[in-house]
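A quick write-up on the structure given underneath.
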Number of protein chains: 2
Amino acid sequence: MSLKHALLGMLADRPGSGYELTKRFELSLGNVWSAKHSQIYPELQKMTGLGWVTAGEEGARGRREYTITDDGRAELREWLTAPHRDRNVRNESMLRAFFLWTLPPDDAVRYLEGEADGYRAARASLDALDAGIPWDSSGSDLMGRIVLEQGRQWVDTMAEWADWAAGQVRAGHDATTLDLRRRP
Amino acid sequence: MSLKHALLGMLADRPGSGYELTKRFELSLGNVWSAKHSQIYPELQKMTGLGWVTAGEEGARGRREYTITDDGRAELREWLTAPHRDRNVRNESMLRAFFLWTLPPDDAVRYLEGEADGYRAARASLDALDAGIPWDSSGSDLMGRIVLEQGRQWVDTMAEWADWAAGQVRAGHDATTLDLRRRP
DNA sequence: GGAGGCATGTAAATGGTTACATGATTGG
DNA sequence: CCAATCATGTAACCATTTACATGCCTCC
């Protein structure tokens with residue numbers, strides 16, 4: 001049930017309409033969580049029912065601005081501090097990698113090289129995103145930039161891994177002869 | 001629609017029943033993709049309808065073994081080699097991190113330190129998994145171990161990041177004064 | 001006046017989790 | 001004989017995506 005909390009978190013910074021929240025997902029938060037407007041609008045209505053947000057007057061073009069309530073802030077704090085054990089990972093590129101042994105080695109190497117390129121492209125767009133944001137000294141910008149840095153380290157690590165993996169497959173290694181070089 | 005392909009990939013190695021496939025998700029594949037038996041059984045039936053697998057005779061305790069067909073192998077190859085652009089990431093811990101600025105700094109630091117510990121624990125269990133598998137020279141073991149290595153690098157990178165992030169918050173940095181040390 | 005962006009919604013379908021339900025076999 | 005594990009399934013619910021649907025407002 002993270003969508004509600006993602007919306008609460010965004011509204012804790014400043015009030016916004018469903019449309020604006022959709023844009024915030026697309027522009028910044030989308031790198032860690034995504035949602036479409038068709039899910040966001042009904043969710044905001046449910047959250048109004050729960051008393052976590054209040055809907056403002058209908059403005060131009062039917063615009064309706066939502067504001068977080070004290071109950072909403074309490075719920076957000078609860079979600080942030082409660083222990084959470086479920087590391088539910090879903091990584092489709094790794095799932096594919098798992099089955100690359102069913103392909104001729106050349107095709108497997110091509111896949112892994114393509115992945116490495118994909119990660120390098122992702123790195124470039126994270127850099128562009130970083131450079132394009134006029135970071136200020138607010139708390140939300142601090143955590144935004146720290147999370148962005150996480151994305152950068154993640155794609156770098158994955159690009160390195162994909163290069164390494166392609167090399168191992170190209171060299172004809174098997175699971176017992178892998179060269180498991182670790183970072184110092 | 002990755003579940004079908006995950007099942008195809010596992011059956012490409014060797015035939016298996018729904019129960020066994022569920023176990024394979026729990027024991028090895030679960031680190032990159034997960035599924036419950038309640039989703040797997042109906043899916044195998046659909047795949048039989050598509051001609052991607054064939055169901056064997058009903059054995060003891062109603063056990064039914066599924067075997068991948070040539071059509072199934074073709075579909076798997078197609079899925080592995082077709083270009084895929086959608087990097088649809090969903091990372092709930094990072095989503096939380098994004099909103100840590102709403103907490104008192106001490107609580108934010110505690111969260112990040114807890115994350116670092118969680119990643120170190122994950123590292124230990126990946127090491128145990130690796131040590132417990134009698135890797136052989138098969139192609140499936142090669143890719144299995146390469147993917148496991150990815151998991152190891154991922155959790156190491158994340159533990160380092162969480163330590164760094166906790167330090168930055170503890171030191172009272174803001175987005176304009178972050179110490180963005182990069183790996184050499 | 002038309003294009004593009006602002007703005008909101010619903011419906012249908014798919015994907016996934018939790019809970020319910022049942023029974024056979026094996027090993028201690 | 002009892003517990004654990006093997007083995008399969010369905011139903012209800014929740015989450016997510018895709019497609020359908022509408023209309024306003026601003027700028028060129």
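Side chains of B:Asp141 and A:Trp101: a donor-acceptor N/O pair is absent below 3.5 angstrom, by distance only. Judged purely by distance below 3.5 Å, without hydrogens or angles, the side chains of A:Glu65 and A:Ser17 never pair a donor atom with an acceptor atom.
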Could you list the protein-to-nucleotides 5-7 of chain C atom pairs, N/O on both sides, closer than 3.5 Å?
residue : atom : partner : partner atom : Å
C:dG5   : N2   : A:Arg61 : NH1          : 3.3
C:dC6   : OP2  : A:Tyr19 : OH           : 2.7
C:dC6   : O5'  : A:Tyr19 : OH           : 3.4
C:dC6   : O4'  : A:Arg61 : NH1          : 3.2

Enumerate the protein-to-nucleotides 14-17 of chain D contacts in which both atoms are nitrogen or oxygen and the separation is below 3.5 Å.
residue : atom : partner : partner atom : Å
D:dT16  : OP1  : B:Arg90 : NE           : 3.3
D:dT16  : OP1  : B:Arg90 : NH2          : 3.4
D:dT16  : OP2  : A:Gln39 : NE2          : 2.9
D:dT17  : OP1  : B:Asn88 : ND2          : 3.4

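Taken to the nearest 0.5 Å, the CZ atom of B:Arg145 stands 7.0 Å off from the CZ atom of B:Arg152.
Evaluation of the side-chain hydrogen bond (donor to acceptor under 3.5 Å, both in side chains) rule for B:Arg24 yields no partner, not counting sequence neighbours. Residues passing the side-chain hydrogen bond (donor to acceptor under 3.5 Å, both in side chains) test with A:Asp71: none are found, sequence neighbours excluded.
Within residues 74-82 of chain B, no residue is approached by DNA chain D to less than 4.0 Å at the level of any non-hydrogen atom.
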Point to revise | A:Asp107 and A:Arg110: CA distance, side-chain angles, deciding distance, salt bridge (charged side-chain N to carboxylate O under 4.0 Å, His left out) verdict | key: CA-CA 5 Å; A:Asp107 288 344; A:Arg110 240 189 304 283; 2.8 Å; yes
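Look at A:Gln45 and you won't find any side-chain N or O under 4.0 angstrom from OP1 or OP2 of C:dT8.
You'll find the side chain of A:Phe99 stays beyond 4.5 Å of the side chain of B:Val147, heavy atoms only.
The aromatic rings of A:His5 and A:Trp79 lie parallel to each other, with less than 30° between the two planes, well short of the 60° mark.
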Donor-acceptor pairs are to be reported for all side-chain atoms of residues 45-59 of chain A against protein atoms at under 3.5 Å, with residues two or more places apart or in another chain.
residue : atom : partner : partner atom : Å
A:Thr48 : OG1  : A:Leu44 : O            : 2.8
A:Glu58 : OE1  : A:Arg64 : NH2          : 2.8

